[in-house]
Structures are given as C-alpha cells and as structure tokens.
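The chains referred to below are lettered A, B, ... by the order of the sequence lines, with proteins before strands, and numbering in each begins at 1.
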2 protein chains.
Amino acid sequence: MAHCTPAQTAVLKALQQQPEPISAQALYTLIKAHQRIGLATVYRALDALKRMGRVQHRVTLAGETLYNAVEQDRHYMTCLDCGQSFPLDTCPLKGLASAHQHAGSFTIYYHTLEFFGLCEPCSVTHPHHNRYEAAQN
Amino acid sequence: MAHCTPAQTAVLKALQQQPEPISAQALYTLIKAHQRIGLATVYRALDALKRMGRVQHRVTLAGETLYNAVEQDRHYMTCLDCGQSFPLDTCPLKGLASAHQHAGSFTIYYHTLEFFGLCEPCSVTHPHHNRYEAAQN
DNA sequence: CCAAAAATGATAATCATTATCATATACTTT
DNA sequence: AAAGTATATGATAATGATTATCATTTTTGG
C-alpha cells in the first residue's frame, strides 16, 4: 500500500475544507451525505492519514478527539475552568527552524502545541493564587 | 471545594514520582498497592488535577492516554511509522517568555508540545519523499 | 456536636473506537 | 482480457477506558 485509497482521499479533502478541527463521528456524517462510506472506514482512513503525516489529532480536556489536516497549523489556549479553546493568531514555533524539518536524525512532518491555563473571565472568578497553591496543599 | 482531597494528593504525589508518563489504569494499580482507592476515584482525581493545572495528559498515536505532573515539562518526537516516542533534551519553548505565564489576557499554567515524523531507521525503510507525496495523490 | 455537602468505592453503564467477516475493489500475473 | 492474489470496504458485533450510579464515608461549616 503506497498510495491513497479513494476513501482516504475523501476523508483528507473533507478535512482540508473544515474551518475547525472535527470529530470522527461528525466527519463520517459529513462525508456520508455525499458518498457511500462506512464509519469503520473513516476511522481507518484517519489512522492511515495520521501515520502518513497528513492528519493530526488533538484530545480536548473533555476527552473528545478532534482531527485536522496538518497544513492547518493551528494552536489554542485552552481554559482549564470553562473548557473553551481560544485559537492563537500565529504558530509560536514560527522562528524555530528545527520545528519544521529535522531535529537531529528525526524528520519532522508536523507538531502539536497547546497552552493550558485560565482565560480572563475565569481568572477573575478563580484567582490564580488560590487555585494553584491550593493544589500544593 | 477549594483544596486537595487526600485521594487527589495521593494521585499527584504518585505522578510526581514517575520517571515517565503513566496511564490511569497503571496509576490505579500503583496507588492501590499502598492504600485503599477506587478506580473511579483515580479518574476523578486526575480530572480535578487537570483542571487545577497540576496534571496534563497526552494521547499517544496508539490511542493510549498518559498522565504526568506538569512540572515534568517533557516533550517527545514521535515516529509515525514505528510509534516510538523519543524524549527531547530540553523544552523547545525555553526562550519563549509568553509560553510560561501570560499570553494576552490568558494566564498560562502549562503547555503541551510534540513533534511527529519519522525516526532515522524508519525513514530509511520508508523514504520521506514517497510517503509524503503519495498521500498528495 | 450536628447537619449538610462533598468525596468515595464498587460496579453497572456508556460510547468512541476497533475487530470480524463476507464482499467489493485494486493490483499483478498469465 | 481473464484469472489469481492482495487489499480495502461496509455493516455490525465486540471491546475496554472511562463515567454514571448509588449507598456509604468523610469533610466542611455553623
């Protein structure tokens, strides 16, 4: 197997058209509206595309797995309190050459990067001081 | 609820002693050997600690969820072919001030960062050229 | 100390994901 | 082009990490 199957192509193209990361189930529903495809096939295609370095996944704080095409290099700041993810304007690794091709003997296709903390509204409700040190005990 | 419960403390301390990220199930087995604790409690403690910013999770390519204490700021390069994760020596965001405290109005507690690609042995078996462009079709 | 609230442990339930298997499709050989 | 072989697919059953449930225990606050 050295090329993309029709199903994998359909999955990749659908992902490339998504404005936001999407779940496997939602992707299945989306594609199924236009062509015959099985849920298992969507999962298999996603897995294959992941291993090809074309698709990446991110698991949210709530445990949901979301997929996106790797060329959509998007990063988020996720609030630990309300769970909202705020997209960053640019990739923080922009200036880091090693992030984009090689690190030592390792060939890099893509990276994942996310920040976790408190958004402004939540840090007012739950001041940094109390929360962080409370967990220290 | 403004402080750490005994179970949460046990979970956090166990995590802080782990040389590597660990699964919830393995953590449960580990702690249970020393004290009475339920599996559901381990999961609840992990979730609470995650929301407190003390614990983070990472989901491997194989779908396994691993947890670590956030002070163990470790990053990996993961091979898409063999699935092996190679730890980085230092945090690539070391020089990025915004990564460690504030980004705009967002208070940052921790970040996750991982690179995906091919390790040297696998890139010999599966040259970059063929794999990447084959998926372009 | 006591009532109320929160956390716990055992275990059943959930559901995203994967395994199974018959069939379809793609690839290779004749 | 046909036949043989290999791979992928779709429907659906199975899986297992994780969460819900509930009686009980522990913690909190007055």
Starting from [atom2] on [N], measure out to [atom1] on [X] and report it in whole angstrom.
X       : N      : atom1 : atom2 : answer
A:Leu66 : C:dA16 : CG    : P     : 12 Å
A:Glu64 : C:dA16 : CD    : C1'   : 10 Å
B:Tyr28 : C:dT11 : OH    : C1'   : 11 Å
A:Leu27 : C:dA16 : CG    : P     : 14 Å
B:Lys50 : D:dT18 : NZ    : P     : 9 Å
A:Gln35 : D:dA8  : CD    : C1'   : 14 Å
B:Leu46 : C:dT8  : CG    : P     : 12 Å

Legend entry - Helix axis bend for the helix from C:dC1-D:dG30 to C:dT30-D:dA1 - C1'-based end axes, five pairs, 10° rounding: 50°
List every contact pair, protein side and nucleotides 19-24 of chain D side both N or O, where the distance is under 3.5 Å.
none

Inset, instruction - Mind checking B:Gln25 for me? I need base, sugar-phosphate or nothing, with any heavy atom below 4.0 Å counting as a touch. - result: base
Among [options], the one nearest [X] by side-chain distance:
X       : options                : result
B:Ile37 : D:dT18, C:dG9, C:dT17  : C:dG9
B:Thr65 : D:dT18, C:dG9, D:dG10  : D:dT18
B:Tyr67 : C:dT8, D:dT9, D:dT18   : D:dT18
A:Thr41 : D:dT18, D:dG10, C:dA16 : D:dG10

Inset, instruction - Quick one: do A:Leu30 and A:Gln18 satisfy side-chain contact (heavy atoms from CB on, under 4.5 Å)? Show the steps, please. - result: CA-CA 10 Å; A:Leu30 193 77; A:Gln18 294 311 302; 3.1 Å; yes
Protein and nucleotides 25-30 of chain D: nitrogen or oxygen contacts under 3.5 angstrom:
residue	atom	partner	partner atom	Å
D:dT28	OP1	B:His3	ND1	3.3
D:dT28	OP1	B:His3	NE2	2.5

Grab the two heavy atoms, one from [X] and one from [Y], that are nearest each other, plus how far apart they are.
X        : Y       : value
B:Ala24  : B:Tyr43 : CB-CE2, 3.4 Å
A:Thr9   : A:Cys4  : OG1-CB, 3.7 Å
B:Ile22  : B:Leu27 : CD1-N, 3.8 Å
B:Thr112 : B:His57 : CG2-O, 4.5 Å

Legend entry - From B:Thr41 atom OG1 to B:Lys32 atom NZ, the distance as rounded to the nearest 0.5 Å: 10.0 Å
Inset, instruction - Examine D:dA8: is either OP1 or OP2 under 4.0 Å from a nitrogen or oxygen in the side chain of A:Thr5? Give yes or no. - result: no
Legend entry - A:Gln72 side chain to A:Gln16 backbone, donor-acceptor under 3.5 Å: yes
Inset, instruction - Pick out which of B:Arg58, B:Arg74, B:His75 makes a side chain to side chain contact (heavy atoms under 4.5 Å, CB included) with B:Glu114. - result: B:Arg58
Legend entry - Residue pair A:Gln8, A:Met52: steps toward the side-chain contact (heavy atoms from CB on, under 4.5 Å) verdict: CA-CA 11 Å; A:Gln8 288 161 8; A:Met52 288 179 206; 3.4 Å; yes
Inset, instruction - Would you confirm whether the ring centroid of B:Phe116 sits within less than 6.0 angstrom of the ring centroid of A:Tyr109? - result: no
